[in-house]
Amino acid sequence: MGIPHFLAIPYPIPGHINPLMQFSHLLSKHGCKITFLNTDYIHKRINKNNLKNEPTTTINFVTLPDGLEPEDDRSNHKKVIFSIKRNMPLMLPKLIEEVNDLDDENKVSCIVVTFNMGWALEVGVKLGIKGALLWTASATSLACCYRIPQLIDDGIIDSEGFPTKTQEIQLSPNMPKMETTNFPWKAHDKILFDHISQEMLAIDLGHWWICNTTFNLEHATFSISPKILSIGPLMSHENESNKSSFWQEDTTCLDWLDQHPPRSVVYVSFGSLAIMDQNQFNELALGLDLVNKPFLWVVRPSNDNKIKYAYPNEFVGNKGKIVGWAPQKKILNHPSIACFVSHCGWNSTIEGVYCGVPFLCWSFYGDQFVNKSYVCDVWKVGLELNKDENGLVLREEIKKKVEQLLGDQGIQERSLKLKELTLDNIVEEGHSSKNLQNFINWAK
């Protein structure tokens, strides 16, 4: 009998590609065979940023076109999702056939997709190949989407995903309370909301919904569906951390951090998608000046590698280092980091927890609000940055909260305790390690 051969198919954004890549490396270490499917566009873009000699990988890469023209705006997700759904399902069976022809002994035995790629599980069912979902956000946001039909039946949201009234609800008795205005989907976009509902039906074809989380972080959520399987925290190892970066990582910041004492640097990064306007950017810059501590600030370039913000004239910034993109896991693991000013995307949240770093939460959209309530209200390892009546986080608020956070011994201690509990999941007999082994045995 051959070894399990996984075909990994991520939706083409960093927040999906990176966790699926880490999961693929993990499966590969356990002796599984991996074929990783990127779109042509993404494959070119990643390769351009990873020109240095990478260690040989056991992962085989294949590509398919996403159906868009080179000049199309790929930050328009609706456009990308529907172009992929129109084009790729027709091409996938032939690709699988070609992959299988290369190794007759070990044909593709399981397809693992991320959200928006549920169509591939439908293709798999037709070809008799089993499937699983790797959910890249929190298990709680998965539970939310899973409960959409019930939320509509209970009159909590309407058929466009919009809350019928502003209230706090619990999906199940022990889960954290959620504001109905902060559900992980964007309400009032009927097309996208319908897509999410259809996608939930497609991913239901997957036998497992694998989550980059741990039982201790979201224990109540696992009662929502027996399919939810925690295998986190997924953390890639040094030699493969840079395989799928969209931007060139600036590694000089690690040498810069070496020059600072322990727990002295404020790290600021809002992930690969969050966008703020110029006014808010100004407040953040001047807030970092006010804090009067060393800071490392990631100001992400746009797709054409240009910075779209102007720094305010009065910004000094002499205590800080500003980079375009950075090796985040290595930064969070660095002893000089004092706190993490984050959008609370799930990948960043799990990385911060893994490294035992306290958070200042600045959520923008989607599941980030749910993650923020875990950080601040459930785990109590961070504080929230509040907006004024114009929706701005002001510079004084930034200064106040950084000082409050760094002066709170309890938050420091809980952060380190949570790190310990979370890491216990991936030791040999840990909860996540056992789940991973069960998943591989199922795939066999």
Side-chain angles (χ1 to χ4, degrees), residues 6 8-11 13-27 30 110-118 121 130-148 171-172 174-176 178 183-185 196 199-200 202-236 344-354 366-375 378-379 418 421-426 430-440 442-443:
F6 293 94
I9 310 180
Y11 179 66
I13 54 173
H16 285 216
I17 293 171
N18 292 334
L20 188 55
M21 180 64 71
Q22 287 165 14
F23 186 52
S24 298
H25 278 293
L26 196 53
L27 292 171
H30 282 75
C110 181
I111 295 173
V112 183
V113 301
T114 68
F115 196 68
N116 294 328
M117 307 304 263
L121 297 179
K130 49 189 167 186
L133 166 79
L134 178 75
W135 181 262
T136 55
S138 64
T140 303
S141 59
L142 172 57
C144 256
C145 295
Y146 178 61
R147 282 282 165 93
I148 283 175
L171 290 176
S172 89
N174 296 317
M175 285 177 69
M178 299 171 96
F183 281 136
W185 52 84
I196 292 176
E199 188 68 8
M200 291 311 295
I203 65 172
D204 212 11
L205 298 170
H207 190 84
W208 294 110
W209 293 345
I210 301 156
C211 293
N212 180 15
T213 188
T214 64
F215 192 72
N216 65 294
L217 289 176
E218 303 182 83
H219 65 94
T221 306
F222 294 92
S223 63
I224 296 274
S225 166
K227 290 187 172 196
I228 302 176
L229 194 69
S230 62
I231 49 88
L234 278 176
M235 283 300 184
S236 58
C344 294
W346 186 249
N347 291 326
S348 289
T349 302
I350 208 102
E351 286 166 12
V353 166
Y354 177 90
D367 67 311
Q368 296 163 12
F369 295 102
V370 178
N371 305 342
K372 175 204 72 189
S373 68
Y374 268 111
V375 169
V378 181
W379 310 327
L418 190 65
L421 286 171
T422 304
L423 291 186
D424 282 347
N425 285 276
I426 50 175
H431 201 278
S432 293
S433 298
K434 285 181 179 167
N435 282 347
L436 177 71
Q437 202 48 63
N438 291 341
F439 173 70
I440 293 170
W442 165 80

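This chain uses plain numbering: 1 for the first residue, then up along the sequence. Hydrogens, waters and symmetry mates play no part in the numbers below; they use all other heavy atoms, side chains included.
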Under a 3.5 Å distance rule, please check whether [X] uses its side chain to pair with a backbone N or O of [Y] as donor and acceptor.
{"X": "Trp346", "Y": "Asn371", "value": "no"}
{"X": "Asn212", "Y": "Leu234", "value": "yes"}
{"X": "Glu199", "Y": "Asn116", "value": "yes"}
{"X": "Ser432", "Y": "Ile426", "value": "no"}
{"X": "Ser141", "Y": "Ser138", "value": "yes"}

Quick one: ring-ring contact (aromatic ring centres under 6.0 Å, His included) partners of Tyr354, sequence neighbours excluded? none
So, using ring-ring contact (aromatic ring centres under 6.0 Å, His included) as the criterion, who are the partners of Trp135 when residues are at least two apart? Phe115
Side chains of Thr140 and Tyr374, donor plus acceptor under 3.5 Å: yes
Name the orientation class of the two ring planes belonging to Phe6 and Phe439 (parallel below 30°, tilted from 30 to 60°, perpendicular beyond 60°). parallel
Over 60° means perpendicular and under 30° means parallel, so tell me whether His207 and Trp442 are parallel, tilted or perpendicular. parallel
Does a side-chain heavy-atom distance below 4.5 Å link Arg147 with Ile224? yes
Salt bridge (Lys or Arg N to Asp or Glu O under 4.0 Å) partners of residues 218-233, not counting sequence neighbours, each pair once: Asp204-Lys227
Report the C-alpha separation of Leu142 and Cys211 in whole Å, then their side-chain angles, then the decisive distance to 0.1 Å, and conclude whether the side chain to side chain contact (heavy atoms under 4.5 Å, CB included) test is met. CA-CA 9 Å; Leu142 172 57; Cys211 293; 3.9 Å; yes
